[in-house]
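Down below is the structure, laid out as structure tokens.
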Amino acid sequence: MDDSTPVTQVDVAIVGAGPIGLCFANALSRHGVSSVLIDRQPRSAMVEPASDGREIALTRASQQILDKLGVWSRVEPDERARMRAAKVFDGQSLFAMEIAPGASRNEPLGCLVPNQVIRRAAYAALPAGSAGAGEILWRDERQIERFEARDDEVDITLGGERLQASLLVAADSRFSTTRRAMGIPAHTYQHGQHMLVCRMQHEEPHDQTAWEWFGYGQTLALLPVDTHCSSLVLTLSPAEMENQLSLSDEDFNADITRRFGGRLGAMRRVAAPHRYPLVSVYAERFVGHRQALIGDAAVGMHPVTAHGFNLGLQGLSRLADLIGEARTRGQDIASPTLLARYQREQRLATAPLFAATLAIVGLYTDDRTPARWLRKAVLRAGEAAWPARRLIASHLTRSIG
């Protein structure tokens with residue numbers, strides 16, 4: 001492309017207009033920082049996103065961040081499912097370790113909201129903005145052809161157009177092509193299982209409690225949606241998942257009822273199932289020269305501890321605040337010092353939870369006899385003092401100051 005091609009100037013270029021990318025652009029706009037959202041999807045897919053079956057467990061801190069961005073008020077009360085506590089079962093044992101707030105059982109552990117609802121609300125909450133400070137531009141149905149990080153800007157080519165930004169941010173999933181183009185390696189953990197999610201109705205109430213059930217050869221979870229409705233999460237090997245999805249509705253319902261030991265009575269599927277491979281990702285670096293990673297592009301968590309989206313929200317809020325402070329002081333919004341601080345703080349926030357989650361997944365998906373005995377002992381001890389239990393509960397119930 002020659003130098004006569006028109007160039008669009010913007011403060012931050014964001015690749016990926018999922019909930020994290022949308023919220024990041026929103027946060028930047030409120031600091032008077034302009035951005036452009038680049039995504040392969042059309043904007044129409046963001047106005048009314050299709051259901052993907054996933055329910056997102058939001059911490060108190062995440063609800064506060066979403067409220068500050070004008071997103072939370074766009075989530076209707078009947079779309080918020082209160083989660084009072086969580087119980088962890090092992091095998092056929094009737095014993096369960098409970099994770100609940102320490103102060104009051106009347107205070108919820110978190111809140112569950114469908115992913116599609118968060119996506120819709122995040123798009124609707126984008127500030128209209130005006131040309132210049134805080135403006136949000138769109139390049140939908142587009143993707144970066146190439147980019148070059150220079151001393152004072154990033155030069156980006158988008159099929160017949162050039163963009164120049166002070167900072168390029170990847171928010172395009174744990175399989176981020178932008179992260180790879182930045183030359184940032186990532187530790188990838190293939191868990192060898194697929195996850196199925198769908199809503200199920202059941203005869204018995206769940207008491208607003210999430211269940212995590214580590215059976216032998218499977219992992220089950222139920223996330224409370226309504227008194228007699230929960231979101232099912234089932235993880236199996238790819239071959240077993242194929243068999244599961246081939247079942248008729250009647251056989252599927254009977255099979256899930258059996259897997260849960262009939263503890264909630266007869267269960268019936270009320271939404272189409274969705275299937276996902278289970279992969280965890282942790283980038284070796286969260287930043288580069290005038291480049292940064294947020295959301296799953298930086299840390300893609302296993303869903304077992306329900307922290308992925310919450311960590312992503314904390315990260316984008318942290319980076320947006322640092323950029324806003326730099327803009328107020330008339331400083332470079334992508335300076336090495338600023339990006340290094342973001343990386344340091346985000347690693348401190350994510351590394352312990354990522355390691356704890358991998359440890360839990362490793363222990364509870366190992367069906368060898370020593371592992372079975374160990375996890376039973378961990379559950380028993382966990383009622384009083386298991387460090388990972390405290391870490392998970394404190395993260396879920398923490399508010400931002």
Side-chain angles (χ1 to χ4, degrees), residues 5-47 49 65-74 119-145 147-150 152-172 178 290-295 297 312-313 315-335 338-339 342:
T5 303
V7 177
T8 300
Q9 300 283 346
V10 68
D11 292 322
V12 181
I14 307 166
V15 183
I20 294 297
L22 292 170
C23 287
F24 185 52
N26 185 331
L28 291 175
S29 180
R30 292 165 188 271
H31 286 294
V33 177
S34 63
S35 63
V36 58
L37 283 160
I38 305 166
D39 198 281
R40 297 182 181 185
Q41 292 189 95
R43 287 178 68 177
S44 59
M46 301 168 202
V47 177
I65 292 171
L66 292 175
D67 188 48
K68 185 169 65 173
L69 296 177
V71 176
W72 193 238
S73 62
R74 288 172 169 80
R119 292 175 67 93
R120 184 183 67 216
Y123 179 84
L126 287 177
S130 58
E135 181 181 18
I136 300 174
L137 304 176
W138 277 89
R139 297 297 184 269
D140 58 327
E141 297 185 271
R142 307 283 287 279
Q143 56 184 317
I144 292 179
E145 291 183 357
F147 65 86
E148 180 184 358
R150 300 172 177 170
D152 57 354
E153 66 189 12
V154 183
D155 191 86
I156 302 165
T157 302
L158 286 177
E161 181 184 10
R162 284 176 62 198
L163 302 173
Q164 288 181 344
S166 295
L167 177 66
L168 174 64
V169 175
D172 52 342
T178 310
R290 297 196 171 275
Q291 301 159 47
L293 309 178
I294 60 175
L313 275 180
L316 74 86
S317 181
R318 180 173 289 116
L319 182 56
D321 286 347
L322 290 172
I323 290 172
E325 290 171 10
R327 173 53 55 85
T328 299
R329 295 170 182 167
Q331 299 171 343
D332 184 357
I333 65 169
S335 70
L338 182 154
L339 295 177
Y342 161 69

Gly324 backbone acceptor or donor facing Thr328 side chain under 3.5 Å:
yes
In chain order, what residues pass the side-chain contact (heavy atoms from CB on, under 4.5 Å) check against Gln164, with sequence neighbours excluded?
Val7, Gln9, Arg150, Glu153, Asp155, Arg162
Counting C-beta onward and ignoring hydrogens, is there a side-chain heavy-atom pair between Thr8 and Glu161 closer than 4.5 Å?
yes
Can you tell me if Arg120 uses its side chain to pair, donor with acceptor, with the backbone of Met46 under 3.5 Å?
no
Between the main-chain N or O of Ser166 and the side-chain N or O of Arg290, is there a donor-acceptor pair closer than 3.5 Å?
yes
For the residue pair Ile323 and Phe24, establish whether any side-chain heavy-atom pair is separated by less than 4.5 Å.
yes
Rounded to the nearest 0.5 Å, how far apart are CH2 of Trp72 and CG of Asp67?
9.0 Å
Please name the pair of heavy atoms, one in Ala297 and one in Ala170, separated by the smallest distance, quoted to 0.1 Å.
CB-O, 3.6 Å
For residues Gln331 and Leu338, determine if any side-chain heavy atom of one lies less than 4.5 Å from a side-chain heavy atom of the other.
no
Mind checking what makes salt bridge (Lys or Arg N to Asp or Glu O under 4.0 Å) contact with Arg119, not counting sequence neighbours?
none
Please check if the side chain of Asp140 supplies one atom and the backbone of Arg43 the other of a donor-acceptor pair under 3.5 Å.
yes
Val71 to Cys23 - nearest heavy-atom pair and separation
CG2-SG, 4.3 Å
Please find the pair of heavy atoms, one from Ala292 and one from Leu319, that lie closest to each other, and give the distance.
CB-CD2, 4.1 Å
Do Leu163 and Arg139 have side-chain heavy atoms sitting under 4.5 Å apart?
yes
Partners of Val10 by side-chain contact (heavy atoms from CB on, under 4.5 Å), sequence neighbours excluded?
Ser34, Val36, Ala165
Partners of Ala45 by side-chain contact (heavy atoms from CB on, under 4.5 Å), sequence neighbours excluded?
Gln41, Pro42
Is there a side-chain contact (heavy atoms from CB on, under 4.5 Å) between Leu167 and Val154 once you walk through the steps?
CA-CA 6 Å; Leu167 177 66; Val154 183; over 6 Å; no
Are the side chains of Val169 and Leu293 in contact, using a 4.5 Å heavy-atom criterion?
no
For Gln291 and Ala149 the tightest heavy-atom approach is NE2-CB, 3.5 Å
I'd like to check the ring-ring contact (aromatic ring centres under 6.0 Å, His included) partners of Tyr123; sequence neighbours left out, ordered by chain and number.
Trp138
Can any side-chain N or O of Asp11 pair as donor or acceptor with the backbone N or O of Ser35 at less than 3.5 Å?
no
Atom CG of Leu126 and atom CG of Asn26: how far apart are they, to the nearest 0.5 Å?
6.0 Å
Arg74: which residues meet the side-chain contact (heavy atoms from CB on, under 4.5 Å) condition with it, sequence neighbours left out?
Ala121, Ala124, Ala125
Is there a side-chain contact (heavy atoms from CB on, under 4.5 Å) between Phe147 and Leu168 once you walk through the steps?
CA-CA 9 Å; Phe147 65 86; Leu168 174 64; 3.8 Å; yes
Just so I know, are the side chains of Leu37 and Ile136 near enough to count as touching, which here means a heavy-atom distance under 4.5 Å?
yes
Write down the atom of Asp39, the atom of Ala17, and the distance for their closest heavy-atom approach.
OD2-N, 2.7 Å
How many angstroms lie between atom CG of Leu322 and atom CZ of Arg327, to the nearest 0.5 angstrom?
14.0 Å
Starting at CG of Leu316, measure out to CD1 of Ile294 and round the result to the nearest 0.5 Å.
5.5 Å
Donor-acceptor contact present, side-chain Glu145 to main-chain Leu158, <3.5 Å
no
Ile65 and Ser317 have their tightest heavy-atom pair at CD1-CB, 4.1 Å
CD1 of Ile156 to CD1 of Ile38, rounded to nearest 0.5 Å, is 5.0 Å
Between Arg40 and Asp172 (salt bridge meaning N to carboxylate O under 4.0 Å), is one present in this structure?
no
